[in-house]
Amino acid sequence: MHSSPAPQPAPTRQAVLPWLLLVLDGLLVVGFAALGNRSHESGLALLDVMGTAAPFLLGLLVSSLAVRFWRGPSRLWPDAVVVILGTVALGMTVRVLSGGGGTEWSFILVALGVLGVLLAGRRLVTGRLLTPRRESLAG
């Protein structure tokens with residue numbers, strides 16, 4: 001007699017949420033690339049934007065995995081700092097190695113500033129929205 005394998009339980013909200021937040025981070029990186037392409041008239045076609053975003057998306061993925069993002073997807077310290085610095089540093093490195101462009105200091109600073117605001121801001125907002133509020137014991 002063959003028994004069928006036990007059905008797998010559906011993923012819980014807690015298991016899926018970190019991955020959804022990583023996707024949101026990726027969308028913010030793509031938005032950063034689109035803004036950069038727009039301001040530098042580099043093209044807003046999907047392939048143009050993804051070509052600009054790809055090195056930073058790789059940096060985001062590697063640095064997010066390094067901090068084990070699923071344990072605290074809205075943690076600011078040290079996770080957000082590592083992810084922001086890793087996204088920019090790896091993104092710039094991949095850009096240079098792939099011949100995708102230079103890494104002038106002004107671009108590095110803009111990338112750090114914009115991605116810092118976007119990625120840390122996402123963590124601040126989702127941390128606030130997803131943390132259960134504790135009722136005041138006084139009163």
Side-chain angles (χ1 to χ4, degrees):
M1 290 174 126
H2 294 302
S3 63
S4 59
Q8 295 296 319
T12 64
R13 175 181 175 224
Q14 220 169 359
V16 173
L17 184 62
W19 295 94
L20 292 175
L21 293 175
L22 180 62
V23 169
L24 179 56
D25 285 347
L27 291 173
L28 292 171
V29 170
V30 171
F32 160 73
L35 286 172
N37 279 12
R38 182 173 181 246
S39 65
H40 294 288
E41 299 177 7
S42 300
L44 290 175
L46 182 61
L47 285 177
D48 295 329
V49 172
M50 292 310 292
T52 301
F56 297 99
L57 289 170
L58 179 62
L60 173 69
L61 180 62
V62 169
S63 57
S64 295
L65 290 171
V67 298
R68 298 182 213 168
F69 70 93
W70 56 89
R71 296 182 313 166
S74 294
R75 191 174 13 236
L76 286 172
W77 177 258
D79 296 23
V81 174
V82 171
V83 169
I84 292 162
L85 293 175
T87 299
V88 173
L90 292 170
M92 294 294 177
T93 301
V94 171
R95 277 177 57 87
V96 169
L97 294 176
S98 67
T103 55
E104 296 78 16
W105 279 107
S106 58
F107 180 44
I108 294 169
L109 293 175
V110 167
L112 275 172
V114 173
L115 289 173
V117 167
L118 292 173
L119 297 174
R122 195 280 293 158
R123 284 158 177 77
L124 284 170
V125 170
T126 58
R128 184 65 86 132
L129 292 175
L130 299 174
T131 301
R133 289 182 172 70
R134 296 181 183 182
E135 298 297 323
S136 173
L137 297 177

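- Note that CH2 of W19 is 9.5 Å distant from OG of S64, once rounded to the nearest 0.5 Å.
- Applying side-chain contact (heavy atoms from CB on, under 4.5 Å) to L58 and the options L90, T93, V94 leaves one that passes, V94.
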Exercise. Between L61 and L22, is a side-chain contact (heavy atoms from CB on, under 4.5 Å) present by the stated rule, with each step listed?
Worked result: CA-CA 8 Å; L61 180 62; L22 180 62; 4.3 Å; yes

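- Put simply, V62 and F69 are part of two different groups of oily side chains (I, L, V, M, F, W, Y) that touch within less than 4.5 Å, one to the next.
- Proximity of a side-chain donor or acceptor of T131 to a complementary backbone N or O of R128 within less than 3.5 Å is not detected.
- The main-chain N or O of D48 is found under 3.5 Å from a side-chain atom of N37 such that the two form a donor-acceptor pair.
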Exercise. Can W70 and L65 be said to form a side-chain contact (heavy atoms from CB on, under 4.5 Å), step by step?
Worked result: CA-CA 8 Å; W70 56 89; L65 290 171; 4.0 Å; yes

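- Note on L112: it clusters hydrophobically with W105, by side-chain heavy-atom contacts below 4.5 Å among ILVMFWY residues.
- Through direct or relayed side-chain contacts under 4.5 Å between Ile, Leu, Val, Met, Phe, Trp and Tyr, L76 connects to L124.
- Cluster annotation: L119 and L24 are assigned to distinct hydrophobic clusters (Ile/Leu/Val/Met/Phe/Trp/Tyr, side-chain heavy-atom contacts under 4.5 Å, transitive).
- Both V114 and L60 belong to a single network of hydrophobic side chains, linked directly or stepwise wherever heavy atoms of I, L, V, M, F, W or Y lie under 4.5 Å apart.
- Within the 4.5 Å cutoff, no side-chain heavy atoms of L17 are placed close to those of T12.
- Residues R123 and L21 fail the side-chain proximity criterion, which asks for heavy atoms closer than 4.5 Å.
- Atom CG of L129 has more than 12 neighbouring heavy atoms from other residues, nucleotides or ligands inside a 6.0 Å radius.
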